[in-house]
There are 2 protein chains.
Amino acid sequence: MTGQKIRNMEEFARVSGISRPTVSKYFNDPTSVRASTRSRIEAAIEQHDYRPNIYAMNQNRKLTKNVGIVVPLLSDPYFAEIARNLEQRCLADGYRPTLFSSHGDAALEVEVLDTLRAMKPAGVLLAPLGRASDYRALEAFCKDVPTLIFDSSVQEIGLGFVGSDNFQFTSHITDYLCRTGEPPCFFEMKTPANPNAHRRRQSYVAAMERFGFEPDVISVDGEGWGFEEIGRLGGYEAIKQNRFSTNTVLCSNDRLAIGLLTACYEQGVKVGRGKDCSIRVAGQDGHPHSRYTCPPLTTISHNYDAVSQTAADALFAAIEGQVTPWKSTRLEGSLILRDSA
Amino acid sequence: MTGQKIRNMEEFARVSGISRPTVSKYFNDPTSVRASTRSRIEAAIEQHDYRPNIYAMNQNRKLTKNVGIVVPLLSDPYFAEIARNLEQRCLADGYRPTLFSSHGDAALEVEVLDTLRAMKPAGVLLAPLGRASDYRALEAFCKDVPTLIFDSSVQEIGLGFVGSDNFQFTSHITDYLCRTGEPPCFFEMKTPANPNAHRRRQSYVAAMERFGFEPDVISVDGEGWGFEEIGRLGGYEAIKQNRFSTNTVLCSNDRLAIGLLTACYEQGVKVGRGKDCSIRVAGQDGHPHSRYTCPPLTTISHNYDAVSQTAADALFAAIEGQVTPWKSTRLEGSLILRDSA
DNA sequence: CCCAAAAATTTACGCGCGTAAAAATATTAT
DNA sequence: ATAATATTTTTACGCGCGTAAATTTTTGGG
């Protein structure tokens, strides 16, 4: 960093000995200028620490390089993890990601979408709240902004959908549980926030019927996104009332399972597959925390990398002009065997 | 939403029957125009769904309404929670928050700061990585942008510091442990990422000496931000080698404690204060997850609301012109008694 | 060395809004 | 009602950059 402060691209062009339109071209796409020009500009950037004014840049551009990433709840490490993954893929492809959380609130989700619209982003990666979402608002947004839906599918809106194959998830882990012990009961929320939960229940029922077992679904009360507490309270009641018809419980997701494990602990019910254990508990999601429960949680994990990779690639392709019909991609999960089941 | 699309403020001013400069004034501060004018503008906004172009708005403004929020690691629910809190306080005060995570990487932290600088924010709420931070970069940033440091203090830079009183934290929970059973050993990382860890160790040693007990600090290896795994591996070794001189372990933070609990589980060491238990474990932070460990973790919790409130208020006051000398505010935590200790 | 193609330069305009200054109008106090 | 004050309107310019068109320069191949 030498010399006096550069105020704008005009001045920067002068000191770097390149014309302003060429410099502008460079900032829009460094590969669009000749290599020798590029290195001269880059030397000048290095020397004068110049960065174009992002507001002036985006004002006249039809398409900014901004990408919005929206998740339902950033304080859920699952979403935090996938958001981080997406963020870095955006950066790697030269986009400027901005992270938003709906904080589990449909009104906030709409506000986020409004904010996003004002940003005129090149595209948006959106994980909707699900059941609570204002569907019409999402639909309208998708019409204005290239949007790829991930994690939880809401009709056929946007450019497409990328997420996990919930049928495969539940089918696979139900299979595992059936083969290694008593067939599982299914532990879920009565009114889940997320539509994936319905698919998982259906898949459980189908898998059980394939095995010739009687499905047993325990649906517990509770609203909102405090899944652990819902699992703990519901689990407490279920254990007390002896509502689990077998010694194995498959939870609709890991966070519920974490709550159920706490309920088991509090009632002295030993969890695991040892001979001294009275219940097996499994989750679904491969939640970052599942490794550290006691006992460590058997679960079926999202393929975080593949989901974010596929989602980001699909969005970037669409941004760069590729037109493809609406498409749903559902990736398989992999079983993580631990001590809980 | 009626009529055709409004393209810019000029058109919007025309249809709303107000002059453009007045409309501009309204968008900068709705209270700066007469109530009757305000309601006419608001009616027109309602009707035409107009929003000014944020890029054009910010281009000429000396001070945008943007506020940056930077945390070291968004996938840590503690930071996610405090970030959420700060975000909503910004919104409530009419600022536009943007969330950033350094993802535990000092180079990324510097990049975030560069991005932030380009946004010309009114102010920034920054929780530094700590030990790994590029101190000179932080210092330079604080000179350019009004920055309030929170969570983890790095010299006397920025407008001030707001965080928890780590001495009080450790002193308080050490007191509790000493009074209710054997005095605690202290379980920590040898090279912690966060400077708060040093304060906590010092405070532990001081508290033990006050009681006339011999301090016993167990420092385990491990780099980075995977605290649970570090706690689990370090805990595993410590238990195996019988390195805890008493039956009580105070962990430097909750995430280490969570890992230690897993290590205990894996070695069949029963944790809690019951007669059948062989070890007591306590954490520090009041991590969102601490309620759901097995056994639930006794800890001393940050006052999330007060920290974010104080930090946000201090920043907003400075933005609005209030000049105050650099000041460090450290808030007390409160003990959360659960079954682990 | 010449020529066609590629790249850079010159010139010029416009984006949407902030903002300043002077004039006109509305509101409030006297 | 009148003066004093607060608000709004009119007018006008500029911010920093995107971008288009015409021109000039550079490049690489034969």
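Below, chain A is the first sequence line, B the second, and so on; all start at residue 1. Because the structure is predicted, anything quoted here is derived from the model rather than measured. Every heavy atom of this structure was used, including side-chain atoms; hydrogens, water molecules and symmetry mates were not.
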Measure from [atom1] on [X] to [atom2] on [N] and round the result to the nearest Å.
X	N	atom1	atom2	answer
N60(B)	dG16(D)	CG	C1'	8 Å
Y55(B)	dG16(C)	OH	C1'	13 Å
E10(B)	dG18(C)	CD	C1'	13 Å
R40(A)	dA7(C)	CZ	C1'	13 Å
I6(B)	dG16(C)	CD1	P	13 Å
R61(B)	dG14(D)	CZ	C1'	16 Å
R14(A)	dG16(D)	CZ	P	13 Å
Q59(B)	dC13(D)	CD	C1'	14 Å

Between A56(B) and R34(B), name the one whose nearest nucleotide on DNA chain C is closer to the 5' end.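 The 5'-side residue here is A56(B).
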
Can you work out whether R51(B) or S36(B) has the more 5'-proximal nearest nucleotide on DNA chain C?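 Looking at DNA chain C, the more 5' nearest nucleotide goes with R51(B).
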
Does R7(A) or S32(B) map to a spot on DNA chain D nearer the 5' end, using the closest nucleotide for each?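 Of the two residues, S32(B) wins.
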
Would you say E11(A) and Y50(A) are linked by a side-chain donor-acceptor pair, where the criterion is simply a distance under 3.5 Å?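 No, E11(A) and Y50(A) have no side-chain donor paired with an acceptor closer than 3.5 Å.
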
Ignoring hydrogens and angles, state whether a donor on the side chain of S308(B) or R89(B) is under 3.5 Å from an acceptor on the partner side chain.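 Indeed, the side chains of S308(B) and R89(B) share at least one donor-acceptor pair under 3.5 Å.
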
Tell me what N58(B) touches on the nucleic acid: a base, only sugar-phosphate, or nothing, going by heavy atoms under 4.0 Å.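 N58(B): no heavy atom of the nucleic acid under 4.0 Å.
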
Using a cut-off of 4.0 Å on non-hydrogen atoms, how would the nucleic acid contact of P21(A) be classed: base, sugar-phosphate, or nothing?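 The answer is base, as P21(A) lies within the cut-off (heavy atoms under 4.0 Å) of a base atom.
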
Compare the minimum distances between each of dG18(C), dG16(D), dA8(C) and the side chain of N28(B), then state the nucleotide with the smallest one.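 Minimum distance to the N28(B) side chain belongs to dG18(C).
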
[X] vs [N]: side-chain N/O to OP1/OP2 distance below 4.0 Å:
X	N	answer
Y50(B)	dC17(C)	yes
T37(A)	dA8(C)	yes
S24(A)	dG18(D)	yes
T22(A)	dT9(C)	yes

Tell me whether the side-chain N or O atoms of R20(A) pair up with the base of dG16(D) as donor and acceptor below 3.5 Å, since no angle test is needed here.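 Flag unset: no donor-acceptor pair detected.
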
So does [Y] get a backbone contact from the side chain of [X], meaning a donor-acceptor N/O pair under 3.5 Å?
X	Y	result
S24(B)	T22(B)	no
K25(A)	S32(A)	yes
T64(B)	N66(B)	yes

